[in-house]
Asks: 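One structure coming up, written as structure tokens, with questions to follow.
Side chains are part of it too, since the values below use all heavy atoms of this structure and drop only hydrogens, waters and symmetry mates. Indexing begins at 1, ligand by ligand and atom by atom, following the structure's order.
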Amino acid sequence: MGRQTNESLGYGCAYTPLVMLRAAGYDPYRVLPLTDSHDQAGLHLHDNLCPHVKKILDRAMGNDLPVLAGMIFMNSCDAMRRLPDAWRKVREGDRTVLVDLPVIADESAVRFFAGELRRLAGVLGEWSGSPVSDDRVKECIQEHNRLADTLSGLASKVNAGAYKGGRNTLQKAYAVAATKPLPEAIRYAEDVLSSGLKEKLSGSLPAVFLFGNILPDTEAFALFEASGARIVDEDLCTGSRLIQPVRIEDGEDLYTGLSRAILGRISCARTFNHARPGEIAQTVVERARACDAKGVIFHTAKFCDPYLARLPSIRETLRKEGIPILVLEGDCTTRSIGQHRTRIEAFIEMLG
Ligand code: SF4
């Protein structure tokens, strides 16, 4: 067992190598864009910048954070690249590190990112006062996979079962997994899986596949349900994409394997497959077909270039396949989903 610091490290991106934070003895704490803090990030970041990133900065400026031993930033998109600069201005004494994340996932990218992970291990070892050992990283991968597998079992049950409140129960489990120590997150997910989710929804509502980036608020899912949408699967950075299993081939170098697993996970729109440029649109079709969805709701944070740039090709591919799509842009608040309620209801009625 490695040294446990009982301290938390903040992070903001689903690509963060959580197993390494844990191997260094820290509890990863995702700074979700949920806050009552004043809207102040505009003092440092442009108005037309991703609201996800701005709300994270609002939390930093409004001291709406637990005690953090440091902050891990991923260079995942342009907005995320701006965040550490602004963070260092508003919280001068904080320890921070920025990890470069390749936009592609070929062998050279895997090698490059493995180097970044080794560099991160060195930084975390300095912060914690003891080196991050390979053995501890391997133990943490196993524990992490137990959580990932439990959440995946819970998601399968919710996707298949149409349980009353099931989608927001699952979202709560994701939020616990993102912000609480691992044993608590595993316990929570296992308890819900074994004892929760009993009451089935009555009647048959049209099945919808939800796709996009940032939608962490459980109330948003209650609102979808209240609008008549039965979400039968989703692909969100704050949902099923948050905690993905890490599988490493026997005999592969630990950091190369970890790099390959992280870059090879179900990708966010910021990652690009140059061998298959339209891959993301094709994946949306395949996922929608696999869960028998009658339509797709595409929900993105406003001003998110990676997602909005892919939208025309996603829209066109779905049109050719005869799958209706509803596009919603939000600012990471439930209020913004609430404003779309009439459009969601009209879309569901059209599917029905
Ligand atoms: S929502 Fe888009 S712009 Fe914002 S952090 Fe994620 S990928 Fe970047």
Asks: Apply ring pair (Phe, Tyr, Trp, His ring centres under 6.0 Å) to F298 and list each qualifying residue two or more places apart in sequence or on a separate chain.
Replies: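 Expected list: F211.
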Asks: Given 3.5 Å as the limit, does a donor-acceptor pair link the side chain of R270 with the main chain of S76, or not?
Replies: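 At least one qualifying donor-acceptor pair exists.
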Asks: How about atom 2 (Fe) of ligand 1, which protein N, O or S atoms come within less than 2.8 Å?
Replies: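 The answer, once waters are left aside, is C304 SG.
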Asks: Please list, chain by chain and in numerical order, all residues satisfying ring pair (Phe, Tyr, Trp, His ring centres under 6.0 Å) with F73, sequence neighbours excluded.
Replies: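 Ring pair (Phe, Tyr, Trp, His ring centres under 6.0 Å) check on F73 returns W87.
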Asks: Which residues pass the side-chain hydrogen bond (donor to acceptor under 3.5 Å, both in side chains) test with D331, sequence neighbours left out?
Replies: T333, R335, S336
Asks: Can a side-chain donor-acceptor contact be found between S108 and D106 if the only test is distance below 3.5 angstrom?
Replies: yes
Asks: Do any N or O atoms from the side chain of E225 and from the backbone of R167 form a donor-acceptor pair under 3.5 angstrom?
Replies: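 No, the answer is negative, given that no donor and acceptor are paired below the 3.5 Å cut-off.
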